[in-house]
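Worksheet: one structure, shown below.
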Amino acid sequence: SPHLDVYRFWPTMALSITHRITGVILSVGLLLLAWWLMAAAGDAAGYAAAIAVLGSTPVKVLLAGWLLAFVYHFVNGLRHLSFDAGLGMEKHEARRSGVIAVVVTLLAFALLGWLLFLRHGGAA
């Protein structure tokens with residue numbers, strides 16, 4: 001919009017912008033998934049190299065970030081679907097659903113992170 005200075009920044013705007021950013025992050029993460037699948041379909045040496053990279057601490061941190069992006073994008077996507085159905089469009093409803101989306105995201109991320117990364121002493 002040519003008149004961005006007329007808008008007040010609201011947390012719901014941040015949630016919408018974050019939804020778009022997480023979509024881009026997930027697209028980049030898909031490249032890593034495709035590489036892993038191609039390595040799995042290839043020879044043992046290629047797969048071992050992929051596992052060595054994917055098992056490194058920096059990549060595990062990235063995987064945790066992608067998990068958080070996935071959970072947020074999924075939960076907030078459900079919120080946006082409700083908007084498409086005409087539900088929750090009032091300002092107070094949109095703000096409340098935004099808070100719920102963030103809380104559900106953090107709880108689901110904590111549970112999935114525990115299941116995937118920490119449940120067996122960090123062996124994923």
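Only a predicted model underlies this, so the values are computations on that prediction, with no experimental measurement involved.
Residues passing the side-chain contact (heavy atoms from CB on, under 4.5 Å) test with Val102, sequence neighbours excluded: Leu15, Leu106. Remark: Leu68 engages Thr105, Phe109 in a side-chain contact (heavy atoms from CB on, under 4.5 Å) (not counting sequence neighbours).
At a threshold of 4.5 Å between side-chain heavy atoms, the hydrophobic network of Ile, Leu, Val, Met, Phe, Trp and Tyr places Leu116 and Val53 in one connected group. Follow the hydrophobic side-chain contacts under 4.5 Å out from Ile17 and you never reach Val24; the two are in separate clusters. Residue Ile100 is grouped with residue Met13 when hydrophobic side chains (ILVMFWY) are merged at heavy-atom distances under 4.5 angstrom, including chains of intermediate members.
Leu26 CG to Leu67 CG: the interatomic distance, rounded to the nearest 0.5 Å, is 10.0 Å. From Trp10, atom CH2 reaches atom NZ of Lys91 across 6.5 Å, with rounding to the nearest 0.5 Å. Phe83 contributes atom CZ, which lies 9.5 Å from atom CG of Leu87 (distance to the nearest 0.5 angstrom).
Residues Leu54 and Leu32 form a side-chain contact, since some pair of their non-hydrogen atoms from C-beta on lies under 4.5 Å apart.
Connectivity analysis of hydrophobic side chains (ILVMFWY, heavy atoms under 4.5 Å, direct or indirect) links Leu107 to Val99, Val103.
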### Task
List the steps and the verdict of side chain to side chain contact (heavy atoms under 4.5 Å, CB included) for Val75 and Leu78.
CA-CA 5 Å; Val75 171; Leu78 294 175; 5.6 Å; no

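Contact record, Val71 with Ala108: CG1-CB, 3.7 Å, taken as the closest heavy-atom pair. The heavy-atom pair separating Ala69 from Ile25 by the smallest distance is CB-CG2, 3.9 Å.
Side chain of Ser56 to backbone of Ala52: no donor-acceptor contact under 3.5 angstrom is found.
Judged as a side-chain hydrogen bond (donor to acceptor under 3.5 Å, both in side chains), the pairs with a partner in residues 78-90 (not counting sequence neighbours) are, in order, Asn76-Arg79, Asn76-His80, Arg79-Ser97. Residue pairs meeting the ring pair (Phe, Tyr, Trp, His ring centres under 6.0 Å) criterion with at least one member in residues 50-76, sequence neighbours excluded: His19-His73.
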Pairs of donor and acceptor atoms involving the side chains of residues 34-44, under 3.5 Å and at least two apart or interchain, shall be tabulated with distances.
unit_1 : atom_1 : unit_2 : atom_2 : d
Asp43  : OD1    : Gly46  : N      : 3.0

